[in-house]
Amino acid sequence: MNFEKNQTAIPHEDVLDFVPDAVLIVDDNGTVTRANLASAALFGYERHAVEGRGVLDFLPSFDWNLTRLPPHSGEFGRPHAAGILTTARTRDGETFTAEINTLRLDRDAFHLDIPDGSSLVISLRNVTPAEAARTTLLHALRQAEAVLRTASEALIGTDSEGRIDLVNPAAARMLQGKASDLGGRELLALLTPLGEDGEPLDAENAPWVLAVATGRGSRLSGQVVRVRDGTRLTVDIATRPVTEDGVVVGAVVALTDRRPYERLADEYLAAQTRSFRDHEAALARQEQRTDRAVEHAHELAGFLSGPLMRALHHLHAETSRLASDGSRPLWPEATLSLEALAADLRMTMALVSSRSEPSGHDRAPAGPQRRTVLIDDVVQAGMRAATTFAGSTHVEFSVHAPRFAVYVDPEDMTTAVGRLIAEAMGSDEDTAPRGSRHVFVAALHRQSLLRIEVRGPYSGGAGEHLDVVQEIVQAHGGTLHTRGASGDSGSTYVLELPSAVRDDDATGPETTFTASVRPTGRHRALTA
């Protein structure tokens, strides 16, 4: 811009108003001597309000010394400072980023309509939107760079010719080179895809070449590639074409190394193999212990049913013979002691008999063998069976058992009643109450419900009796309740079986019934 005087010059104000940027002309004191309309509009003033004010009112951070030239420098008419970013301030106090350019004027020359002493021309424009866009772009570039640097995948950008123009650190490591050295090199020369036969694929069949040629992305899993030192890798390859104005200009290739996953799979397989072997060894040891336990159980069963049972039979026979031998009269107390000892031996023999067949417990339960019998026969048989379970005791019975038919397993019910009576009257001389023992037994029915109640003086608890009774009752679909008596000792047991009474008129049973104790293997806790 030439402001020097010539014959065809036009007024300076008109010339400045044609300039789209804001223009300020200042003198050596920093006072604005001329301003165009663009500058007045930019700062929010009238033109005359801008002229005559100090330049620092509009450019508070403007460094005046930076624009001073040494005397006689000969640099007049040339731009002295170009593209400087500074802060500008408007009339209402708002600030914005401005880019300024300065031009030094010769103070000794005449310039049309420019006051004498004017030495500097400042042009400026608001670059806030451009700076904001630039800042956003830089932020996005930093974020993209951070993503590329921290990504575990190898990311490679190629141009339309297949030459590398972008690599991240993971890709540089995979391609065995530095990012600065890989730029511009052909990707196929550094990374060769292999076919199923292990031979290199044709150049036009490489995934990134196909992405550029067809404009379509692809994803290949478990692709074998060979790097430049001959190492073969198994990778997942994802390619996407890069377009500009609808034209494919390159491709982005993402490579996921499968080696870490393969190592994890191998470690998991090895851990599972070790665990399987440990479990297999533990199972073998457990089988050995089980075999030894079964062998010991058979040996114990053989001992119980063999030598021990024979010894008990012999002892019981001799004791019974001495108690009943009339040729050798004994005093009454000795005879009673021998009879009690014989009863205890019978109970011991029943116990040994029930425990000498452990294999019977391993058979599946056959279920109750129900048939119609009279309840008073079952109660009487249970009373006789109680002596087998409880041994030698002196007991008085009170029985209330009307004659009515029930549909139950008679052997199981005989065992249950006998064990409840044995539990109620007790057999341990140390814990049983002193004096005579009185046991009350009652059998009642209401519609189809059978109720058997046993009440005795013993308040202890032999788990083997109640466990057997509980299992029998559950097999019949009934319940067993236990409650203490009102005194210091004693217990009451109530056995209830629904749908056990089939004939309220107590007609005769279908079959005759001979009471017996059946120590079968169906009840695991059954003991004599």
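Sequence positions, counted from 1, serve as the residue numbers for this chain.
You'll find the side chain of Pro207 reaches within 4.5 Å of the side chain of Leu220, heavy atoms only. Contact check for Phe276 versus Glu280: side-chain heavy atoms found under the 4.5 Å cut-off. Val225 places a side-chain heavy atom less than 4.5 Å from the side chain of Ile237. Under the 4.5 Å side-chain criterion, counting only non-hydrogen atoms from C-beta, Leu495 is not in contact with Ile472. Residues Val501 and Leu449 fail the side-chain proximity criterion, which asks for heavy atoms closer than 4.5 Å. Counting heavy atoms from C-beta outward, Tyr493 and Val469 have side chains that stay 4.5 Å or more apart. You'll find the side chain of Arg226 reaches within 4.5 Å of the side chain of Pro200, heavy atoms only. At least one side-chain heavy atom of Thr234 sits under 4.5 Å from a side-chain heavy atom of Val224.
With rounding to the nearest 0.5 angstrom, the CG atom of Asn126 is 11.0 Å from the CG atom of Asp21. In this structure, CZ on Arg125 lies 11.5 Å from CG on Leu42, to the nearest 0.5 angstrom. With rounding to the nearest 0.5 Å, the separation of CG in Leu175 from CG in Asp229 is 11.0 Å. Annotation: the span from Asp278 atom CG to Leu283 atom CG amounts to 12.5 Å, rounded to 0.5 Å. Atom-to-atom distance recorded for Leu450:CG and His445:NE2 is 9.0 Å, nearest 0.5 angstrom. The structure places CG of Leu187 at 10.5 Å from CG of Asp165, a figure rounded to the nearest 0.5 Å.
In this structure, Thr33 contributes its side chain and Ile25 its backbone to a donor-acceptor pair below 3.5 Å. Panel note: side chain Asp202, backbone Glu204; no donor-acceptor pair is recorded below 3.5 Å. Under the 3.5 Å distance criterion, the side-chain polar atoms of Gln223 are matched with a main-chain donor or acceptor of Leu194. Not one N or O on the side chain of Arg259 forms a donor-acceptor pair closer than 3.5 Å with the backbone of Leu233. Distance alone, capped at 3.5 Å, places no donor-acceptor pair between the Glu496 side chain and the Thr479 backbone. Side-chain atoms of Asp57 never come within 3.5 Å of backbone atoms of Val50 as a donor-acceptor pair (strictly under, hydrogens ignored). Checking side-chain atoms of Thr86 against main-chain N and O of Ala98 turns up no donor-acceptor pair under 3.5 Å.
The neighbour count for Tyr261 OH, taken as heavy atoms of other residues, nucleotides or ligands under 6.0 Å away, does not exceed 12. Under a cut-off of 6.0 angstrom, the local environment of NE2 in His296 is sparse, with at most 12 non-hydrogen atoms contributed by other residues, nucleotides or ligands. Around the CD atom of Glu262, the shell of radius 6.0 Å holds more than 12 heavy atoms that belong to other residues, nucleotides or ligands. The number of heavy-atom neighbours closer than 6.0 Å to CZ of Arg370, taken from other residues, nucleotides and ligands shown, is above 12.
Defined by atom type and a distance below 3.5 Å, a donor-acceptor pair is present between the side-chain atoms of Gln286 and Arg289. Side-chain contact, Asn36 with Ser39: a donor N or O sits under 3.5 Å from an acceptor N or O. Between Asn29 and Thr31, the side chains place no donor N or O within less than 3.5 Å of an acceptor N or O (distance only, hydrogens not considered).
A tilted orientation is assigned to the rings of Phe58 and Phe43, their planes being inclined by 30° to 60°.
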Run Asp236 and Arg219 through salt bridge (charged side-chain N to carboxylate O under 4.0 Å, His left out) and show every step you take. CA-CA 7 Å; Asp236 296 338; Arg219 180 179 293 274; over 6 Å; no
How far apart are the C-alpha atoms of Val32 and Val26, what are their side-chain angles, what is the distance that settles it, and do they pass the side-chain contact (heavy atoms from CB on, under 4.5 Å) test? CA-CA 4 Å; Val32 178; Val26 299; 3.9 Å; yes
Under the side-chain contact (heavy atoms from CB on, under 4.5 Å) criterion, do Gln176 and Arg228 qualify, and how do the steps go? CA-CA 8 Å; Gln176 300 174 351; Arg228 58 180 176 176; 3.9 Å; yes
Assess whether side-chain contact (heavy atoms from CB on, under 4.5 Å) is satisfied between Leu255 and Leu191, documenting all intermediate values. CA-CA 11 Å; Leu255 304 171; Leu191 192 71; 3.3 Å; yes
